[in-house]
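Shown next, in structure tokens, is the structure this report addresses.
In what follows, chains are A, B, ... by sequence order, proteins preceding strands, each numbered from 1.
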There are 2 protein chains.
Amino acid sequence: MPESHDADRATQDVQDLLFRQAQDLLFFAYRDFTHAADTLLEELGLGRAHHRALHFIGRNPGITVTDLLGILRITKQSLARVLGDLLERGLVAQEPGLTDRRQRLLTLTDAGTALEHQLFDRQKARLGPAFTASGAAALSGFQTVMRAIMDSADAARLETNGTDDGR
Amino acid sequence: MPESHDADRATQDVQDLLFRQAQDLLFFAYRDFTHAADTLLEELGLGRAHHRALHFIGRNPGITVTDLLGILRITKQSLARVLGDLLERGLVAQEPGLTDRRQRLLTLTDAGTALEHQLFDRQKARLGPAFTASGAAALSGFQTVMRAIMDSADAARLETNGTDDGR
DNA sequence: GTTAATGGGTCAGTATTATTGACTCATTGA
DNA sequence: TCAATGAGTCAATAATACTGACCCATTAAC
């Protein structure tokens, strides 16, 4: 390991260690956060992709397929299977757009809402104690940094968006 | 009289919104964080699984296969393909354990280290500005919360572990 | 009002990452 | 000696994702 002859070098190493630890944190936190819902999903024969779709349809009732694709950053084909499953099981409903009838506005059915709540509870059980233990100031910092890491366009949309209804 | 009841309900809703926003943040931040390295990986015909292996071998030089499996939380078969690719390309090297010759201690070769650095730089380019913009206090909160979200056993290992050498 | 663009769906084929279960081999340790 | 462990491997399968090429209905532009 480099000695402290070179202060710049040492600063660089400290910085890099910070980033490497952040890489670790992002991997582990995401791994365990997603895992919280996995057992329930598996019982139902659903996967994480289904959960993501349920979550973002629940968060954005009346979202269009195109907008959902933009959030998930997957292709139409990838979503087709997942969405097909959810429609078939009656967890998600479609209706034509009001102003543009080509659109299929997506919403959760009652059953979909109920399932999403169950999945939500699992993840809440992991996040809740973590937030409580960390305190309000740390939580605020967490939110600030996470917002800064993600794409600014999506971050900007999150600001305004409690729920945004169909367009 | 239903006032306190309503208040509880309102508090519940506020709390839930906080958790739902956290779900959003984890998804988006992880999506964009991982994406930072993707183009480089694709040029090389490697995937994210290869990157994860490179990262954790780099972070834990001399790690055993079993320990790496424990970190990644995947099965031996899943790792076999990835590790096989990395060995074949000369990015990772194995050597028998000193005290237990059944072990295969994993290390990055010079080429592996170089590639990991390149991938690291991509992610640093995303995290760096985010950290700078957020400030030291927010960054500290981010670390606190992320540590609290992840499994406590792994979090505890991160505390002690700058790099931990083979056992 | 014909035409081009858009929103959505679908077909076929493929790649990556992951799984289970069984089995081998070398080495360690009781 | 013999069971347990660390690692590698076989075969089969599932989940998630991709590309590229289409089709249909509807909207928007000329």
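- Taking the side-chain hydrogen bond (donor to acceptor under 3.5 Å, both in side chains) definition, one finds that Q123(A) meets it with Q23(B), sequence neighbours left out.
- Looking at residues two or more places apart in sequence or on another chain, you find no side-chain hydrogen bond (donor to acceptor under 3.5 Å, both in side chains) involving R104(A).
- With sequence neighbours left out, the side-chain hydrogen bond (donor to acceptor under 3.5 Å, both in side chains) criterion links T75(B) to S78(B).
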Exercise for the section: Report the C-alpha separation of R157(B) and D24(A) in whole Å, then their side-chain angles, then the decisive distance to 0.1 Å, and conclude whether the salt bridge (charged side-chain N to carboxylate O under 4.0 Å, His left out) test is met. Expected result: CA-CA 11 Å; R157(B) 220 178 307 144; D24(A) 290 347; over 6 Å; no
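- The bend of the helix from dG1(C)-dC30(D) to dA30(C)-dT1(D), defined by the angle between the axes of its first five and last five pairs, stands at 30° to the nearest 10°.
- Here the two rings, on F33(B) and Y30(A), have centers that are 6.0 Å apart or farther.
- Listed by first and then second residue, the ring pair (Phe, Tyr, Trp, His ring centres under 6.0 Å) pairs that reach into residues 66-103 of chain A come to none, sequence neighbours excluded.
- R20(A) pairs by the salt bridge (Lys or Arg N to Asp or Glu O under 4.0 Å) definition with E116(B), not counting sequence neighbours.
- E88(B) places its CD atom 15 Å from the P atom of dG8(D), with the value rounded to the nearest Å.
- Applying the side-chain hydrogen bond (donor to acceptor under 3.5 Å, both in side chains) test to pairs two or more places apart or on separate chains, those with a residue in residues 36-47 of chain B are D38(B)-R48(B), T39(B)-R122(B).
- F19(B) and F131(A) have their aromatic ring centers within a separation under 6.0 angstrom.
- Regarding R31(B), its CZ atom lies at a distance of 18 Å from the P atom of dT16(D), rounded to whole Å.
- Of the residues L44(A), T109(A), D110(A), L86(A), the one that meets the side chain to side chain contact (heavy atoms under 4.5 Å, CB included) test with L115(A) is L44(A).
- A heavy-atom distance below 4.0 Å to DNA chain D is reached by these residues of residues 41-51 of chain A, ordered by number: G47(A), R48(A), A49(A), H50(A).
- Between A80(B) and Q77(A), the residue anchored closer to the 5' end of DNA chain D is A80(B), taking for each the nucleotide with the nearest heavy atom.
- Listed by chain and number, the residues in a side-chain hydrogen bond (donor to acceptor under 3.5 Å, both in side chains) with R102(B) are D100(B) (sequence neighbours excluded).
- With sequence neighbours excluded, no residue forms a ring-ring contact (aromatic ring centres under 6.0 Å, His included) with F120(A).
- Think of the region where chain B sits on DNA chain C: with heavy atoms and a 4.0 Å cut, that region ends 5' and 3' at dT17(C) to dT28(C).
- A donor-acceptor contact closer than 3.5 angstrom is absent between the side chains of D151(B) and H35(A).
- Remark: C1' of dC10(D) and CZ of R81(B) are 16 Å apart, rounded to the nearest angstrom.
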Show me the protein contacts with nucleotides 3-7 of chain D, counting only N or O atoms at under 3.5 Å.
from	atom 1	to	atom 2	distance (Å)
dT5(D)	O2	R102(B)	NH1	2.2
dA7(D)	OP1	V65(B)	N	3.4
dA7(D)	OP1	R104(B)	N	3.1
dA7(D)	OP2	T66(B)	N	2.8
dA7(D)	OP2	T66(B)	OG1	2.4
dA7(D)	N7	K76(B)	NZ	3.2

